[in-house]
Amino acid sequence: FQSWHPSSLLPYLGSCLLLVAFAVLHEALASWRVSFAKRNTPAAPHGYIAMAGSERVKEKSLLQLRTANSLLYTANITTGYMLMLAVMSFNVGYFLSVVAGMGLGHFFFFSKPWHLEMARVDACCETTVGTS
């Protein structure tokens, strides 16, 4: 990001706010992906796969679910890597902005009671979710 070097306070604060918003988006995507997977688990009642009538409909529904889940995952991992690049600039303000944004995003988007029951391990660029 050669052109992203704010030279005064206002652009620098704007960059920090942008990073906070982007980190909140990253957590929102992670939450939506987890919620999507929970809603569309084949064993879940009233899921697309459980309600589908024929094998062909089941396969099509499964493909659509996998495609949607993969797109959410791709968006989530992309935001994670972009945030990692910002942190790797070794700018303390950018680092604190990313951490604050991820904390805020986690607070706002991982607020359902079943989120608290889930084991969630965060790496810098990926969210691995499993139930305990």
Side-chain angles (χ1 to χ4, degrees):
F1 301 112
Q2 291 289 4
S3 62
W4 187 16
H5 292 284
S7 56
S8 63
L9 183 62
L10 193 58
Y12 180 73
L13 291 176
S15 294
C16 289
L17 287 175
L18 180 68
L19 286 170
V20 168
F22 204 64
V24 168
L25 174 66
H26 175 73
E27 287 294 302
L29 286 169
S31 175
W32 295 335
R33 189 166 56 89
V34 170
S35 296
F36 179 82
K38 184 171 175 62
R39 276 193 318 269
N40 295 300
T41 301
H46 307 299
Y48 291 126
I49 297 165
M51 290 181 64
S54 70
E55 281 300 314
R56 184 179 171 134
V57 172
K58 286 181 185 182
E59 288 176 17
K60 184 177 179 185
S61 296
L62 181 58
L63 180 62
Q64 289 171 342
L65 292 173
R66 290 183 62 202
T67 301
N69 189 42
S70 293
L71 289 173
L72 281 172
Y73 175 78
T74 301
N76 192 210
I77 198 114
T78 300
T79 58
Y81 276 117
M82 291 177 77
L83 289 169
M84 180 186 65
L85 288 173
V87 167
M88 288 177 58
S89 70
F90 299 106
N91 183 306
V92 174
Y94 292 170
F95 171 77
L96 294 175
S97 297
V98 169
V99 170
M102 291 187 81
L104 282 171
H106 187 82
F107 178 80
F108 288 118
F109 291 100
F110 282 90
S111 58
K112 293 184 173 68
W114 58 267
H115 280 135
L116 299 175
E117 298 170 3
M118 298 178 72
R120 184 166 185 262
V121 178
D122 284 338
C124 70
C125 306
E126 180 180 354
T127 302
T128 304
V129 180
T131 57
S132 48

Is there a chain of hydrophobic side chains (I, L, V, M, F, W, Y, each step under 4.5 Å between heavy atoms) that links [X] to [Y]?
| X | Y | answer |
| --- | --- | --- |
| V24 | V99 | yes |
| M88 | I77 | yes |
| M102 | L96 | yes |
| F108 | V20 | yes |
| V87 | L13 | no |

Atom pair [atom1]/[atom2] of [X] and [Y] - distance to nearest 0.5 Å:
| X | Y | atom1 | atom2 | value |
| --- | --- | --- | --- | --- |
| L29 | Y73 | CG | OH | 13.0 Å |
| W32 | L72 | CH2 | CG | 9.0 Å |
| M82 | T79 | CE | OG1 | 8.5 Å |

Nearest heavy-atom contact between G93 and S97 is O-OG, 2.8 Å
Closest heavy-atom pair, V34 versus F110, reported as atoms and distance to 0.1 Å, is CG2-CE2, 4.4 Å
* **Under 3.5 Å donor-acceptor, H26 side chain and N76 backbone** => yes
- Item | Any donor-acceptor N/O pair, S31 side chain to E27 backbone, under 3.5 Å | no
Applied to residues 83-95, the side-chain hydrogen bond (donor to acceptor under 3.5 Å, both in side chains) test, sequence neighbours excluded, yields Y12-N91
If you count heavy atoms of other groups shown closer than 6.0 angstrom to CZ of F95, is the number above 12? no
(message) Using side-chain contact (heavy atoms from CB on, under 4.5 Å), reason through V98 and F22 one step at a time and then give a plain yes or no.
(response) CA-CA 8 Å; V98 169; F22 204 64; over 6 Å; no
